[in-house]
Amino acid sequence: MMLGIDNLNEQMKNELQKTISGGRRPHAVLIDGGTENEREEMAYLLAKVYVCNDDSSNEPCNSCSSCRKTDERIHPDIIKVTKPDDKKYFKKDDLKKVVEEAYQTPNEAKVRVFILSEMQLMKIESQNVLLKILEEPPAYTAFILTSETANSVIGTVLSRVSRFRIGEKNGELGFDEKAVEIVRKTSEAMLSNYEFDVISATAALDGNKQLTVNVLNLLALFFRDAVAVKNGGKPLVSELISETEKISYSFSTEKLLGFYDNMNELIRLTEGYPNYTLLSAQICAKLKT
Ligand SMILES: [Zn+2]
């Protein structure tokens, strides 16, 4: 079944209106949550809004040639990019090609739309290829990214997109309460400028492997959120909104990205890291303000 505006539930309708209201057409949108099929349908619905010949409303007219071609998935200005069937991940070269093609003018619509399908299958180095084009795409180019969860999208990409969530449920990301508490205390300690406070906040990890991994993941998300908030985006971790705002005011984007990178570096270390007590100390060292 083809998804139309009328088939959307209230939450998705609201989300769509938020994304495109007032003639606003963000140059890059991330659709996350829901099923792969829902994400794809939503991506094409949004693409249809972009290419519809009648741009007097926020909804596609569903009768012009562009709308019809979109429904039939044959619109020449809607380009879907996926990982190759025989590969586990996107090919970096394919994304370099996307960047080149993004500078070519549309064939018949006013906008050329690239759908980058299922970002959880795109490695960090490939996502990095997209940074520049996402920051300053030509006026006639738009990107629609889809992903299982926003967690799979690196912070620097996330801060450049408008986010469209399908089927947001409470606690969907399932953050561990204990981890949230430790990240909260850690952020307060970072703002207090007493190194000792960071040490005591992370002391609660107490060599606990799972908790350490949860805290590291949450810290990475937290710093990514801070960058997003600083750039006018929405945070992911609703449990830590006021902390995210405080930390985003207190540090430069560069510094926040540094913390984000540091946390990801430690996350990589946790794969087979034998000494979790030592890792707590490393977290403290990497969060030095
Ligand atoms: Zn139309």
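Because the structure is predicted, anything quoted here is derived from the model rather than measured. Atoms within each ligand, like the ligands themselves, are counted from 1 in listed order.
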Using only heavy-atom distances, determine whether the side chains of Glu118 and Thr146 contain a donor-acceptor pair under 3.5 Å.
yes
Decide whether Met122 and Tyr89 are clustered together by the hydrophobic rule: side chain heavy atoms of Ile, Leu, Val, Met, Phe, Trp, Tyr closer than 4.5 Å, transitively.
no
Measure up the Phe259 and Phe251 rings against each other and bin them: parallel (under 30°), tilted (30 to 60°), perpendicular (over 60°).
perpendicular
Could you see if Ile283 belongs to whatever hydrophobic cluster contains Ile199? Use Ile, Leu, Val, Met, Phe, Trp, Tyr and a side-chain cutoff under 4.5 Å.
no
Is it possible for you to say whether Val99 and Tyr140 belong to one hydrophobic cluster, with membership spreading through side-chain heavy-atom contacts below 4.5 Å?
no
Protein N/O/S atoms under 2.8 Å of the Zn ion (ligand 1)?
Cys52 SG, Cys61 SG, Cys64 SG, Cys67 SG
Sequence neighbours left out, what passes side-chain hydrogen bond (donor to acceptor under 3.5 Å, both in side chains) with Lys132? Give chain and number order.
none
